Structure formats: structure tokens, C-alpha cells
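Chain identifiers are assigned alphabetically (A, B, ...) following the order of the sequence lines, protein sequences preceding nucleic acid strands; residue numbering begins at 1 within each chain. It should be emphasised that the depicted structure is a prediction, and the values quoted were computed from it without experimental measurement.
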Number of protein chains: 2
Amino acid sequence: MAVGKKTARTQEERSAETLARIRQATIEVLYKKGFSRTSTVEIAAVAGLSRGAMTHHFSSKEDILIDAIASMLDEVNEKLFAFAEEFARRGGSTDEIVDYIWQFMSDRLFYVTMEYLPETRHNADFKARLVPVVKRFHAGLDAIWSALARQKGAPEDHTRLVMNTTMCVVRGMIAQTILRDDQGYYAQMLTFWKSEVRRLFPSPDKPASEPQLNVTSANGALS
Amino acid sequence: MAVGKKTARTQEERSAETLARIRQATIEVLYKKGFSRTSTVEIAAVAGLSRGAMTHHFSSKEDILIDAIASMLDEVNEKLFAFAEEFARRGGSTDEIVDYIWQFMSDRLFYVTMEYLPETRHNADFKARLVPVVKRFHAGLDAIWSALARQKGAPEDHTRLVMNTTMCVVRGMIAQTILRDDQGYYAQMLTFWKSEVRRLFPSPDKPASEPQLNVTSANGALS
DNA sequence: ATAAACAAACCGACTTGACTGTTCGTAAAA
DNA sequence: TTTTACGAACAGTCAAGTCGGTTTGTTTAT
């Protein structure tokens, strides 16, 4: 029976691996099948274990979802912190930030968010357990905004305002992608928004009082 | 000529009234209970009739939803057209438009949208039947954008871009209201955005300090 | 060191409840 | 009467939670 079996894992390892598989499977099912179609049966199938095993680790479906979502957001959070740090050290452009936001939001995050977001409107317990998680996520975002503010020498509150608006623009765009399939539409809007952000964060060496400079740099900007 | 109340209605009247009640109840349940909690049992209860009666008018739950959503969007559409016309005649401000968008989007529309939007990602038939409805809705929006463009003497494509971005900002903000309860946050963002739009539509008599960007030519090569 | 005792991880079946679609039957209008 | 609007009960499905049992890893006594 020990043929091809994995080397003996410790209970803790076994548990951690299984939990990770469940979390990953949950997000995957949530993304691919949607909230109402996310069943514990399917999560178990994707995770490659029995439903009974899941009940050992989680006492309810809601527990599984909360855990998976928290895990997902924390994971993104770590990447955000890493990006912020590297961005500040390197001295990146605002265009880059907008692109980065669009990228990680489009890559599942906001689609998954749109799956569980409505649930929080109708499930007070679910919402209460999610709010602290989301607050941690916002803290991660603020880290980037602060890094940007320091680098550009812009006031923090102004930076936060502009960047939070950027987040909203991206959220709205991604929501629209579901029923409006028009690549050019989003590309154009993203370009427009990047030029707006650029203008709102004028480079110290290149004052933005000259609008032509902005337009020119918009065309020739690195991307 | 049945002018009376419940007495002596014609079949067509009876049917139309019932359909209207079902539509209204569907949107209400969708808004208050959420997509996954929207059952035909509850819709029937709210509409004040039996489930069997609904099956006479609709052959499936999906039919009910599609019909109700289409009805809701068409209703908003009519109001949008009316607003656009009155706005053009009167000569309103861009601030007013932003406020109006925020208002009708916050007032149920986008919350309801967020309920059924994920479903369209996982139900091809549902999506196919919804796309034309949404396109009509977009046409209604374009009517306002055109009215604004004419009034401000701005290019139509530029106007559409800015206003569609406005829609995205508002969508993103409303999505965020679900998990972030911070009235000041949204008020500030809305104020900021209004100032942005104001700047992007300089009054002809009082030119803005910065000419508008030629955004449409800046993104011609995008995918 | 090894085997028994224990605990954790895992599995499969059962129970309950809710929901959709269907199939009748009844009342109102044409 | 015929058609249309409406109602009540039924049947099939499916998902969540529960529970007894099995396997795997850990501890302890000898």
C-alpha cells in the first residue's frame, strides 16, 4: 500500500495542504460557476477530497467561503505591499499603477468579488465576518497610495482620493465587461484615465501647466 | 368600457395588471433578497397571487427575471430620454448630470444589476436575452451624452468617453458602498469627480485654464 | 524500539428542507 | 361553450448538514 504513496506527512502539513486545496478550489468554483452555483459538492470535487473531509475542517459552507475569500484578499494584499515597496524604490509612473490596478482587478479578483458582494447585502453575518478582511485589503491599497504620494511629493489625502477614484473606475469598467464586450472601449477609457491621473500628479521637473506636454507625453509614454 | 375598479376587467387588463405586479415584485425581491434568494414562491407572494398563476404567464423562472429586468431598464430608459430632452432645453450643468446619474444608479438600479450581473457570466442563454435589453439602455444614455455634447459644443466622442467614465466611477462607488459604509468618502469622491467633469467641459464663454485633451487621437493604436 | 492507545484526517450514506416545473381543477371573461 | 386567468397539490431535484465508520498519523507504555 505504500507504493507511490507520498512520504509521510505530518498531521499539520496534511491539514495545511488540504485547507489550501479547499481555499483554492472554492475561489475557482466561485469564479467559474458563480455564487449560486457554488456547492460544497463541487468544491470538494475540485479540491479532490470528500465532502465529509471538508466538514471536518469547516462546520459550514459559509465558513469555507469566508476563509477562502479572506485568504484570497490577503494574498493579493501581500502582492500589493510588495509592489508598493518595489514601486517606491524604483520610482514608477502613474500609468504603471493604473495598469497594475486594472491587471490584478481583472485577473479574477473583482469578478470573484462581484460573486460574493451581493450576498453581503443580504447576509449580515457574512458581511460582519468580511468587513475586517476588506479593511485589511484597503490598508494594502493605502500603502501603495502613500508610496505614490511620497514619490510624487503630493499630499496624501489628494493621492488617496485620486487613487480610490481610480479603483472605482476600474471596478465599474470590469462590471461592464460582463455584458459589454468591446475591447476598444475599455482600452480607450483606460488610456483616458491614465492621462487624467498623469495630469493630477504633475511631475516636479515637468510642470503640467502646459497641457500640450501632457498630450505629447501621453502619446510617447512608456507602457 | 370597464372603468370600474376590480369589477369587470377585461382579460387583457387583468393580464396586464398581473404582469405588472409580477414584474414589480420580481425587482423588489431581487433587490431585497438577492438573486440566490429570489424564488418564484416569494415573487408570487409579494405579487399577491399564486405560483400557479405565474406559470400561466411565464413558463420559467428565467422568463420572469428577463421580463422584469427588461421592464426595469426600459422604464429607466424612458426617464433618461425625458431627462435628456428637458436638460437640453433648459441647459443644465455637468454637475447636475453627475448627480442625476448617481441618483438613479443608487436608487436600486445598480444594486439590482449587481444581483443578476454575475448570473450572466454563467448562463449563456440568460446573457443572450439580456444583451439587447442592455443595448437599448446604453442608447438611452447616449441620448443624454449627445444632448450634453450639443449644449457644451464638445465633440460627441469626447463627451461619450467622459460620461461613460462617469458611469464607471459611479458603478464602482456603488459596488463599494456594500462593504464600505462611509458617507463622507463617497460625497468627497463625487465632489471631486464633478470638478473633473466640469474641467473637461469648459464653458464656451469662460474658457478653462487647461484646454481639453485630445483623447480620441491618443488611443488610436490600442487593441 | 515497538505495539497499543489515542487523536486527527477523511469518507460515504442518510435526513431534511427548499425550490422548480408540472398537472390537475376552478372561476371569470369572451 | 370555449378560452383565458388563476389556484392547489404533486413530483423530481439538489444542496447542506449530520453521523457512524475507516484510515492515517502521533503519543505513550512496555
Check your understanding: In Å, rounded to the nearest 0.5 Å, how long is the span from CZ of Phe35(B) to CG of Leu30(B)?
Key -> 7.0 Å
Check your understanding: For Met54(A) and dA8(C), what is the distance between atoms CE and C1' respectively, to the nearest whole Å?
Key -> 18 Å
Only pairs under 3.5 Å count here: list side-chain donor-acceptor contacts from residues 51-59 of chain A, not counting sequence neighbours, and write none if there are none.
| from | atom 1 | to | atom 2 | distance (Å) |
| --- | --- | --- | --- | --- |
| Arg51(A) | NH1 | Thr40(A) | OG1 | 2.8 |
| Thr55(A) | OG1 | Gly52(A) | O | 2.5 |
| Ser59(A) | OG | Asp63(A) | OD2 | 2.9 |

Practice item. Could you tell me the separation between the CD1 atom of Ile22(A) and the C1' atom of dA9(C), rounded to a whole number of Å? Key: 11 Å
Check your understanding: Are Arg121(B) and Phe126(B) in a cation-pi setup, meaning NZ or CZ lies under 6.0 angstrom from the ring centre and within 45 degrees of the ring axis?
Key -> no
Check your understanding: Partners of Asn77(B) by side-chain hydrogen bond (donor to acceptor under 3.5 Å, both in side chains), sequence neighbours excluded?
Key -> none
Practice item. Establish, with yes or no, whether the OP1 or OP2 oxygen of dA8(C) is under 4.0 angstrom from a side-chain nitrogen or oxygen of His57(A). Key: no
**Study point:** Nearest-angstrom distance from the residue atom CG of Leu49(B) to P of dA5(D)
**Key:** 13 Å
Check your understanding: Between Lys127(A) and Glu119(A), does at least one N-O distance fall below 4.0 Å, as a salt bridge requires?
Key -> no
Return all side-chain donor-acceptor pairs below 3.5 angstrom for residues 135-143 of chain A, not counting sequence neighbours, or 'none' if the list is empty.
| from | atom 1 | to | atom 2 | distance (Å) |
| --- | --- | --- | --- | --- |
| Arg136(A) | NE | Asp74(A) | OD1 | 3.0 |
| Arg136(A) | NH2 | Asp74(A) | OD1 | 3.1 |
| Arg136(A) | NH2 | Asp74(A) | OD2 | 2.8 |

Review point. Got a sec, which residues hit side-chain hydrogen bond (donor to acceptor under 3.5 Å, both in side chains) with Tyr186(B), two or more places apart in sequence or on another chain?
Key: none
Check your understanding: Rounded to whole angstrom units, what separation is found between the NE2 atom of His56(B) and the C1' atom of dG25(C)?
Key -> 15 Å
Check your understanding: Is any side-chain heavy atom of Asp99(B) less than 4.5 Å from a side-chain heavy atom of Lys194(B)?
Key -> yes
Review point. Taking atom C1' of dT20(C) as reference, at what distance in whole Å does atom CZ of Phe58(B) sit?
Key: 16 Å
Review point. Does anything in residues 113-123 of chain B reach DNA chain D, meaning a heavy atom under 4.0 Å, and if so which residues?
Key: none
All N/O contacts under 3.5 Å from nucleotides 13-18 of chain D to the protein, with atom names and distances to one decimal?
| from | atom 1 | to | atom 2 | distance (Å) |
| --- | --- | --- | --- | --- |
| dA16(D) | OP1 | Lys61(A) | NZ | 2.9 |
| dA16(D) | OP2 | Thr40(A) | N | 2.9 |
| dA16(D) | OP2 | Thr40(A) | OG1 | 2.8 |
| dG17(D) | OP2 | Lys61(A) | N | 3.1 |
| dG17(D) | N7 | Arg51(A) | NH2 | 2.5 |
| dG17(D) | O6 | Arg51(A) | NH2 | 2.4 |

Practice item. Decide, yes or no, whether a salt bridge links Glu28(B) with Lys33(B) under the criterion of side-chain N to carboxylate O below 4.0 Å. Key: no
Check your understanding: Is the distance from OP1 or OP2 of dA5(D) to the nearest side-chain N or O of Ser15(B) less than 4.0 Å?
Key -> yes
Study note, to complete from the structure: Between CZ of Arg14(A) and P of dA7(C) the distance, given in whole Å, is 16 Å
